[in-house]
Amino acid sequence: MKILIIGGTLFVGRALTTVAQSRGHAVTLLNRGKTATKLPAGVEHIQADRDAGLEMLATGSWDAVVDTCAYYPRQVRSLLAALPGEPHYTLVSSVSAYSDFTRKGLDESAELSVPLMDDSITSFDRHTYGPLKSGCEQAAGPDALIIRPGIIVGPHDPTGRFAY
Ligand SMILES: NC(=O)c1ccc[n+]([C@@H]2O[C@H](COP(=O)([O-])OP(=O)(O)OC[C@H]3O[C@@H](n4cnc5c(N)ncnc54)[C@H](OP(=O)(O)O)[C@@H]3O)[C@@H](O)[C@H]2O)c1
C-alpha cells in the first residue's frame, strides 16, 4: 500500500514508518522538517506545515493516511479536504478524549469529552487537550479509524513519562 504519515519523525510516527516499511509498504512522510534532519532511507518526503496549507497533496495518491500529530479539529478538517481520492484515514487520538478516563473498564462506547471545536484556539493545556482530541475525532468522521492510546512507550519517546 501507499501510506501517507502525517508527522513520522519523532516517536509514534517514527515507529509506524519502520513497521510499514518492514512490511513492504511505500511510505510518504509529511512534516515541517524541524524534528529530524535525517529521514529513513526509502521514504518519500513532503516538507510542509499542516497549518499553512496542504495544496501539494492534490497531486499525490495514497491508499491510507495515518495522522500522528493532529491536536486541533481544524487540522483534521483541512487535511481531509486536501487529500485526493478517499484514502483510509487513521487518527491517533488519546485516552484523554474520554470525559473521564480515570474510570475502570472503559471501552469504545464510553462517553467522550464535549468536543472543543473553536478554530481560534492555537495552543492547548491539560484541560483542553482531551476536548480538542474529542473534536479531532468528530472532525475525522464516522469512517476513520480512531486510536485512543493511554501511555505509549518505546524507543525515542520524547516525554520520559514511562519511567516517571
Ligand atoms: N506519548 C503518549 O504517551 C501519547 C499518549 C496518547 C496519545 N498520544 C498521541 O500520539 C500522537 C503522536 O505523538 P508523537 O509524540 O509521536 O508525535 P508528535 O509530537 O505529535 O508529532 C511529531 C511529528 O509531527 C510533525 N509535525 C508536528 N507539527 C507539524 C505541523 N504543524 N505540520 C507538519 N508536521 C508536523 C513533526 O515533524 P516536524 O517537527 O519536522 O514538523 C513530527 O514528525 C499525538 O497525536 C499524541 O496526542 C501520545
Side-chain angles (χ1 to χ4, degrees), residues 1-23 25-84 87-97 116-140 144-164:
M1 284 202 302
K2 292 180 71 179
I3 303 176
L4 172 65
I5 296 179
I6 312 301
T9 51
L10 182 63
F11 176 37
V12 175
R14 192 163 165 178
L16 289 171
T17 301
T18 303
V19 171
Q21 284 191 304
S22 74
R23 295 185 184 182
H25 301 297
V27 177
T28 304
L29 303 183
L30 183 145
N31 53 62
R32 297 165 300 181
K34 285 187 176 178
T35 296
T37 49
K38 193 168 183 295
L39 295 167
V43 299
E44 186 183 350
H45 184 218
I46 300 174
Q47 185 162 357
D49 183 340
R50 67 182 303 162
D51 296 324
L54 294 170
E55 311 75 26
M56 76 296 290
L57 294 181
T59 54
S61 160
W62 294 278
D63 303 301
V65 179
V66 184
D67 193 352
T68 69
C69 60
Y71 295 91
Y72 307 100
R74 61 181 158 75
Q75 293 180 313
V76 175
R77 277 202 309 273
S78 60
L79 173 63
L80 292 179
L83 285 170
H88 184 271
Y89 178 66
T90 297
L91 171 71
V92 181
S93 181
S94 168
V95 73
S96 299
L116 184 50
M117 306 301 280
D118 181 349
D119 285 347
S120 67
I121 296 176
T122 54
S123 64
F124 59 82
D125 57 26
R126 64 192 178 90
H127 301 294
T128 54
Y129 173 70
L132 283 166
K133 281 290 196 184
S134 177
C136 288
E137 294 190 13
Q138 189 175 92
L145 172 62
I146 308 285
I147 312 291
R148 297 185 188 123
I151 292 181
I152 304 170
V153 299
H156 310 296
D157 181 355
T159 67
R161 291 199 320 192
F162 182 53
Y164 170 79

Thr35: side-chain contact (heavy atoms from CB on, under 4.5 Å) partners, not counting sequence neighbours | Thr9, Leu10

Summary of side-chain hydrogen bond (donor to acceptor under 3.5 Å, both in side chains) pairs that have at least one residue in residues 145-160, sequence neighbours excluded | Arg14-His156, Tyr98-Arg148, Glu137-Arg148, Asp157-Thr159

Is there a side chain to side chain contact (heavy atoms under 4.5 Å, CB included) between Ile152 and Arg161 once you walk through the steps?
-> CA-CA 9 Å; Ile152 304 170; Arg161 291 199 320 192; over 6 Å; no

Please test Asp67 against Arg50 for side chain to side chain contact (heavy atoms under 4.5 Å, CB included), starting from the C-alpha separation and ending with a verdict.
-> CA-CA 11 Å; Asp67 193 352; Arg50 67 182 303 162; 2.7 Å; yes

Smallest heavy-atom separation, Ala140 atom then Ile146 atom, equals CB-CD1, 4.1 Å

Can you find a heavy atom in the side chain of Pro40 that is under 4.5 Å from one in the side chain of Thr18?
-> no

For the residue pair Leu80 and Ala139, what are the closest heavy atoms and their distance?
-> CD1-O, 3.7 Å

Look up atom NZ in Lys34 and atom CG in Asp49, then write down how far apart they are to the nearest 0.5 Å.
-> 7.0 Å

May I ask you to test the Leu57-Leu79 pair for a side-chain heavy-atom distance under 4.5 Å?
-> yes

Report yes if some heavy atom in the side chain of Pro84 is under 4.5 Å from a heavy atom in the side chain of Thr59; otherwise report no.
-> no

What's the shortest heavy-atom distance between Leu116 and Pro73, and which atoms?
-> O-CG, 3.3 Å

How far does NZ of Lys2 sit from NE2 of His25, to the nearest 0.5 angstrom?
-> 14.0 Å

Return the minimal non-hydrogen interatomic distance between Met56 and Ala48, and the atom names on each side.
-> CE-CB, 3.6 Å

Pairs in or reaching into residues 122-133: which pass side-chain hydrogen bond (donor to acceptor under 3.5 Å, both in side chains), with residues at least two apart or in two chains?
-> Asp125-Thr128

Results of side-chain contact (heavy atoms from CB on, under 4.5 Å) for Leu16 - residues two or more places apart only | Ile5, Val12, Val66, Thr68

Any idea which heavy atoms bring Ala20 and Val27 closest together, and the distance?
-> CB-CG2, 3.7 Å

Might you point out which heavy atoms bring Asn31 and Gly7 nearest each other, and give the distance in Å?
-> ND2-O, 3.0 Å

Sequence neighbours excluded, which residues qualify as side chain to side chain donor-acceptor pair (under 3.5 Å) partners of Ser120?
-> Asp118

Check the pair Asp63 / His88 against side chain to side chain contact (heavy atoms under 4.5 Å, CB included), numbers first and verdict last.
-> CA-CA 6 Å; Asp63 303 301; His88 184 271; over 6 Å; no

Can you tell me how far the CD1 atom of Ile121 sits from the OH atom of Tyr72, to the nearest 0.5 Å?
-> 8.5 Å

Pairwise distance CD1(Ile46) to CZ(Arg32) - rounded to 0.5 angstrom | 15.5 Å

By ring pair (Phe, Tyr, Trp, His ring centres under 6.0 Å) - contacts of Tyr71 (at least two apart) | Phe124

Side chains of Met117 and Arg77: closer than 4.5 Å at any heavy-atom pair?
-> yes

One should read off an interatomic distance between Leu29 CG and Thr17 OG1, to the nearest 0.5 angstrom, of 4.5 Å

Can you tell me if Ser134 uses its side chain to pair, donor with acceptor, with the backbone of Gly130 under 3.5 Å?
-> no

Flag, side chain of Gln21 to backbone of Ala41, donor-acceptor distance under 3.5 Å = yes

